[in-house]
Amino acid sequence: QVQLVESGGGLVQPGGSLTLSCAGSGFTFSSYYMNWVRQAPGKGLEWVSSILSDESKTYYADSVKGRFTISRDNAKNTLYLLMNRLRSEDSAKYYCAKGPTGGSTWSANYLEYDGWGQGTQVTVSS
């Protein structure tokens with residue numbers, strides 16, 4: 001079955017950087033687009049970023065564009081999220097999620113994602 005395990009969260013000061021990782025197993029990692037979704041305390045899920053299965057294209061929410069970078073290493077079955085210039089409003093639990101398809105298709109609608117990790121907490125505070 002699909003397993004996704006996030007790591008790399010923690011406490012960071014405003015303006016700082018953090019890199020999240022997500023190790024996938026139980027499926028052919030390189031065949032599916034992958035995503036990051038976050039949930040701040042008391043708020044709903046928010047799509048953050050997606051990357052196509054072949055790494056050819058990446059997509060970002062306006063709130064993180066220019067600050068976050070999504071990447072993947074298909075040889076290592078690992079997804080990454082490099083977060084720079086972090087703000088207090090970036091504080092949330094970050095989830096790695098598997099898209100249901102590959103190729104050139106993708107979606108920012110997290111309701112379509114069919115595999116989720118347990119999440120890793122990111123807290124931005126001085």
Side-chain angles (χ1 to χ4, degrees):
Q1 69 278 21
V2 172
Q3 283 198 318
L4 297 167
V5 180
E6 302 95 336
S7 61
L11 174 64
V12 61
Q13 292 187 341
S17 299
L18 211 56
T19 299
L20 306 183
S21 300
C22 170
S25 62
F27 66 104
T28 305
F29 184 84
S30 60
S31 295
Y32 299 92
Y33 73 91
M34 294 297 295
N35 316 276
W36 288 100
V37 179
R38 67 186 181 185
Q39 185 169 31
K43 296 191 176 181
L45 292 169
E46 176 190 15
W47 170 77
V48 174
S49 183
S50 298
I51 184 168
L52 294 187
S53 56
D54 64 357
E55 309 173 58
S56 60
K57 289 187 178 180
T58 58
Y59 307 90
Y60 299 93
D62 287 343
S63 58
V64 307
K65 198 173 294 181
R67 299 187 299 121
F68 289 12
T69 303
I70 189 172
S71 63
R72 64 192 294 167
D73 186 336
N74 286 339
K76 295 183 178 180
N77 292 349
T78 303
L79 177 72
Y80 303 98
L81 185 68
L82 170 61
M83 305 184 293
N84 291 324
R85 305 202 308 275
L86 282 161
R87 307 166 180 167
S88 57
E89 54 263 40
D90 294 318
S91 294
K93 196 162 192 179
Y94 284 72
Y95 296 91
C96 166
K98 171 188 170 292
T101 58
S104 60
T105 61
W106 73 283
S107 174
N109 182 358
Y110 55 78
L111 295 177
E112 299 182 17
Y113 303 159
D114 60 2
W116 292 78
Q118 82 290 348
T120 186
Q121 181 68 39
V122 172
T123 303
V124 185
S125 175
S126 54

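Worth saying up front: this structure is predicted, and the values here are computed from it rather than measured. Here, residue 1 is the first one in the sequence, and each next residue gets the next number.
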Between [X] (side chain only) and [Y] (backbone N and O only), is there a donor and an acceptor less than 3.5 Å apart?
| X | Y | value |
| --- | --- | --- |
| S91 | V124 | yes |
| N74 | N77 | no |
| T28 | S30 | no |
| S31 | G102 | no |
| T78 | K76 | yes |

Inset, instruction - State whether F29 and R72 meet the cation-pi test: NZ (Lys) or CZ (Arg) under 6.0 Å from the six-membered ring centroid, and within 45° of the perpendicular axis. - result: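 Satisfied, under 6.0 Å and within 45°.
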Legend entry - K65 NZ/CZ over Y60 ring centroid, <6.0 Å and within 45° of normal: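 Judged by the rule (NZ or CZ under 6.0 Å from the ring centre, within 45° of its axis), K65 is not positioned above Y60.
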Which heavy atom in [X] sits nearest to a heavy atom in [Y], and how many Å separate them?
| X | Y | value |
| --- | --- | --- |
| S50 | S107 | OG-O, 3.9 Å |
| V12 | L18 | CG1-CD2, 4.5 Å |
| S126 | P14 | N-CD, 3.7 Å |
| C96 | M34 | SG-CE, 3.7 Å |

Note, [X] side chain near [Y] side chain (heavy atom, < 4.5 Å):
| X | Y | value |
| --- | --- | --- |
| I51 | L79 | yes |
| E112 | Y110 | no |
| V48 | V37 | no |
| L81 | T69 | no |
| Y95 | T120 | no |
| L20 | M83 | yes |

Legend entry - Name of the residue among W47, Y32, Y113 meeting ring-ring contact (aromatic ring centres under 6.0 Å, His included) with W106: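 Answer after filtering W47, Y32, Y113: W47.
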Inset, instruction - Could you check D54 against S56 for side chain to side chain donor-acceptor pair (under 3.5 Å), going step by step and ending with a plain yes or no? - result: CA-CA 5 Å; D54 64 357; S56 60; 2.6 Å; yes
Inset, instruction - Kindly say whether the aromatic ring centers of W36 and W116 come within a distance under 6.0 Å. - result: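 No; W116 has its ring centre 6.0 Å or more from that of W36.
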Legend entry - same_hphob_cluster(L111, L4) at 4.5 Å side-chain heavy-atom cutoff: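 Hydrophobic grouping puts L111 apart from L4.
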Inset, instruction - Evaluate the ring planes of F68 and Y94, with Trp represented by its six-membered ring, and classify them as parallel (under 30°), tilted (30 to 60°) or perpendicular (over 60°). - result: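 F68 and Y94: tilted rings.
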Inset, instruction - First locate atom SG of C22, then atom CD of E6, and finally report the distance between them rounded to the nearest 0.5 Å. - result: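 Nearest 0.5 Å value for the SG-CD distance: 5.0 Å.
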Inset, instruction - Using a strict 4.0 Å threshold on nitrogen-to-oxygen distance, state whether R38 and E46 make a salt bridge. - result: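 Here R38 pairs with E46 in a salt bridge, since their nearest N and O are under 4.0 Å apart.
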